[in-house]
Amino acid sequence: MTAVDHNLLNDLQARGLIAQMTGDDQLYTWLQESRTLYCGFDPTADSLHIGSLVPLLTLRRFQQAGHKPLALVGGATGLIGDPSFKAQERKLNTPDIVASWVEKLKAQVSRFIDFDCGESSATVVNNLDWIGSVSVLDFLRDVGKHFSINNMIQKESVKQRIDREGDGISFTEFTYMILQSYDFAELYKHHNCTLQIGGSDQWGNITGGTDLTRRLHGAQVFGLTLPLVTKSDGTKFGKTESGTIWLDPAKTSPYAFYQFWLNSADADVYKFLRYFTFLSVGEIDRIEAEDKGASGRPQAQGVLAKEVTRLIHGEEGLYAAERITSSMFSGELSDLSESDLQQLALDGLPSSRLTKEDLAKPLTSLLADCGMVKAGREVKDALGRNAVLINGEAKGPEDNMKTAEVFAAEKALFGRFLLVKLGKKKNHLFELA
RNA sequence: GCAGGGGUUCCCGAGUGGCCAAAGGGAUCAGACUGUAAAUCUGACGCGCAAGCUUCGGUGGUUCGAAUCCACCCCCCUGCACCA
């Protein structure tokens with residue numbers, strides 16, 4: 001059996017990963033032996049995004065410390081919708097869609113935890129398996145009776161919805177907490193699961209579960225929440241203008257993923273290293289100290305991008321991301337071979353083929369249509385500032401209507417590749433058809 | 001059902017007959033400075049290369065002219081009433 005790392009909670013603490021926990025000291029003692037814990041992920045999309053990364057990685061930290069993780073995919077709760085700290089009632093997804101998402105999340109979650117490591121091997125469970133078969137009357141009599149509406153409406157997580165002038169909260173969403181509480185009680189009963197972890201927005205749901213388990217089974221179980229990831233500038237973590245950063249490489253390429261982390265602000269990057277990597281706290285402190293002492297560009301963002309990309313997309317994904325990054329930001333296009341250019345597109349550099357019709361469009365339309373920018377106006381602005389480079393050559397507003405000319409085969413690398421750079425960070429590879 | 005309040009460009013939020021593609025803030029994009037950072041400053045920010053075109057819940061109407069006025073409709077909120 002795996003040796004239990006008695007220092008786990010201290011490490012989590014040092015990483016800033018503990019927002020709240022039930023039974024403070026008792027949990028320390030409790031975790032001196034190998035325990036079973038769970039964390040839930042609701043299928044609200046066909047992929048998880050980096051918002052779920054902290055709980056996911058924490059599950060892994062527990063497993064590495066010798067505990068047994070259960071990853072719960074919310075096939076049932078996903079049909080209801082968690083109202084916690086949500087401003088508005090959400091629209092329901094159809095059961096077949098949720099079911100298909102459940103399958104995707106199961107596969108995704110499975111990559112982070114080990115299913116074959118003896119006693120602490122992980123298990124994936126789906127709460128539809130037990131909630132789906134409970135009758136309404138049984139549920140109301142056996143579970144509902146343990147919940148006091150008076151207490152439920154006091155929960156911070158739904159308070160704003162209840163007090164709200166605008167949208168209120170439906171009975172459906174209000175019930176969510178009871179379902180999640182029931183999950184914990186069930187997992188205790190059938191898997192001897194005694195700890196639930198989750199984002200700090202889950203506190204109300206988690207304590208609901210510890211209470212219910214005590215009432216139904218007379219057992220003490222624990223809850224621990226992880227901090228909400230915030231950015232120093234106050235904007236939402238995990239979103240860029242081009243959208244959410246997904247874990248699915250088909251939705252967010254490893255290159256885009258790598259770039260996301262590489263662009264972390266100095267004020268956030270050391271915190272992110274503690275949250276999102278398995279580097280030791282000591283190692284991270286050392287990096288921080290070195291960066292503080294050195295002038296110029298810190299090494300932290302590079303380390304962060306490398307570690308997290310490897311964690312999510314593996315060595316290959318990381319290699320692809322680094323390849324593209326070094327080609328695109330070194331500025332030396334001549335270093336690239338023909339096969340290099342071909343590979344870049346496969347590696348996830350945005351790319352497209354240029355047809356004759358494309359060459360008839362103004363640059364503004366062309367670059368907007370291929371997704372580089374949202375509207376032609378941005379291209380116009382960039383052209384006016386010499387911020388559009390085609391194969392390294394700056395283009396101006398007068399070139400806007402000369403698409404065929406600037407994308408002429410004679411100017412293309414190897415007669416067919418044209419690399420467009422807009423601003424500092426946007427690159428797109430065109431291949432002449 | 002009755003009474004009252006409200007629906008404005010990605011978000012918040014001004015605007016109550018022409019000077020409105022619509023203040024201000026946020027977000028976002030680009031430039032300068034840098035380090036593919038932050039802060040700051042500059043520009044852009046409905047669509048369009050442009051001429052121009054399309055917007056202020058919906059549909060009609062009044063008017064030379066409507067986001068602004070009128071009618072009807074839809075949706076949301078708050079009270080009150082009512083019924084299973």
### Task
Report the distance from atom CZ of A/Arg385 to atom P of B/A32, rounded to the nearest whole Å.
9 Å
### Within the 6.0 Å centroid threshold, strictly below: A/Phe260 and A/Tyr255
no
### Query
If the C1' atom of B/A32 is compared with that of B/G25, how far apart are they to the nearest Å?
24 Å
### Query
At under 4.0 Å between heavy atoms, what does A/Pro397 touch on the DNA or RNA strands: base, sugar-phosphate, or nothing?
nothing
### Query
Choosing from B/G43, B/U36, B/C45, which nucleotide comes nearest the side chain of A/Arg377?
B/C45
#### Entry: C1' spacing across the pair B/A21 / B/A71, given as an integer number of angstrom
28 Å
### Task
Please measure how far the P atom in B/G60 lies from the corresponding atom in B/A51, and state the result in whole Å.
30 Å
### Message
Given B/U36, B/C29, B/C49, identify the nucleotide with an atom nearest to the side chain of A/Phe329.
### Response
B/U36
#### Entry: Integer angstrom distance from the P of B/G17 to that of B/C70
11 Å
### Summary
Closest of B/A50, B/C49, B/C47 to the A/Ala375 side chain is B/C47
#### Entry: Whole-Å distance separating the CG atom of A/Asn400 from the C1' atom of B/C49
5 Å
### Query
According to the Watson-Crick and G-U wobble definitions, with both distances under 3.5 Å, which nucleotide is paired to B/C80?
B/G1
### Summary
Among B/A37, B/U28, B/G48, the one nearest any side-chain atom of A/Asn263 is B/A37
## Note on the structure
pair_partner(B/A39), Watson-Crick or wobble, both distances < 3.5 Å, evaluates to none
### Query
A/Pro298 or A/Lys426: which one's nearest nucleotide on RNA chain B is closer to the 5' end?
A/Lys426
### Task
Scan A/Lys236 against the nucleic acid and name what it touches under 4.0 Å (heavy atoms): base, sugar-phosphate only, or nothing.
nothing
### Message
Could you tell me how far B/G43 sits from B/G6 if I compare only their C1' atoms? Round to whole Å.
### Response
36 Å
## Note on the structure
Among B/U36, B/C49, B/A30, the one nearest any side-chain atom of A/Lys380 is B/C49
### Query
Is there a donor and acceptor pair closer than 3.5 Å between the side chain of A/Gln301 and the base of B/U36?
no
#### Entry: Length of the CG-C1' vector between A/Asp291 and B/A37, whole Å
12 Å
### Query
What integer number of Å spans the P atoms of B/G26 and B/U40?
10 Å
### Query
So do the side chains of A/Gln301 and A/Asn263 get within less than 4.5 Å of each other, counting heavy atoms only?
no
### Query
Is the A/Phe430 to A/Phe407 ring centre distance short of 6.0 Å?
yes
### Summary
Of the candidates B/U36, B/C49, B/A38, the side chain of A/Gln259 sits closest to B/U36
### Message
Can you tell me whether the side chain of A/Asp266 and the base of B/G35 have a donor-acceptor pair closer than 3.5 Å?
### Response
yes
### Query
Taking A/Thr325 for the side chain and A/Glu322 for the main chain, is one N or O donor matched with an acceptor at less than 3.5 Å?
no
### Task
Kindly indicate, with the supporting measurements, whether the criterion side chain to side chain contact (heavy atoms under 4.5 Å, CB included) is fulfilled by A/Leu344 and A/Arg323.
CA-CA 8 Å; A/Leu344 288 180; A/Arg323 271 175 55 78; 4.0 Å; yes
### Summary
Note: contacts of residues 355-371 of chain A with RNA chain B (heavy atom, under 4.0 Å) are A/Pro362, A/Thr364, A/Ser365
### Task
Determine the Euclidean distance between corresponding P atoms of B/U54 and B/U63; express it in Å to zero decimal places.
22 Å
### Message
Considering every strand and a 4.0 Å limit on heavy-atom distances, what is the contact class for A/Ala387: base, sugar-phosphate, or nothing?
### Response
sugar-phosphate
### Query
Between B/A32, B/A30, B/A39, which nucleotide gets closest to the side-chain atoms of A/Lys424?
B/A32
### Task
Using side chain to side chain donor-acceptor pair (under 3.5 Å) as the criterion, point out the one residue from A/Thr403, A/Asp369, A/Asn400 that pairs with A/Lys361.
A/Asp369
#### Entry: B/A37 phosphate, OP1 or OP2, under 4.0 Å from A/Arg297 side-chain N/O
no
### Query
Considering all heavy atoms of both residues, which atom of A/Pro227 and which atom of A/Ile18 are nearest to each other, and what is their separation?
CD-N, 4.2 Å
### Query
Between A/Leu422 and A/Ser264, which has a closest nucleotide on RNA chain B that is more 5'?
A/Leu422
### Any donor-acceptor pair under 3.5 Å from A/Lys271 side chain to A/Thr230 backbone
yes
### Message
Before we go on, tell me: are the rings of A/Phe62 and A/Phe112 under 6.0 Å apart, centre to centre?
### Response
no
### Query
When the P atoms of B/U34 and B/G52 are considered, how many whole Å apart are they?
43 Å
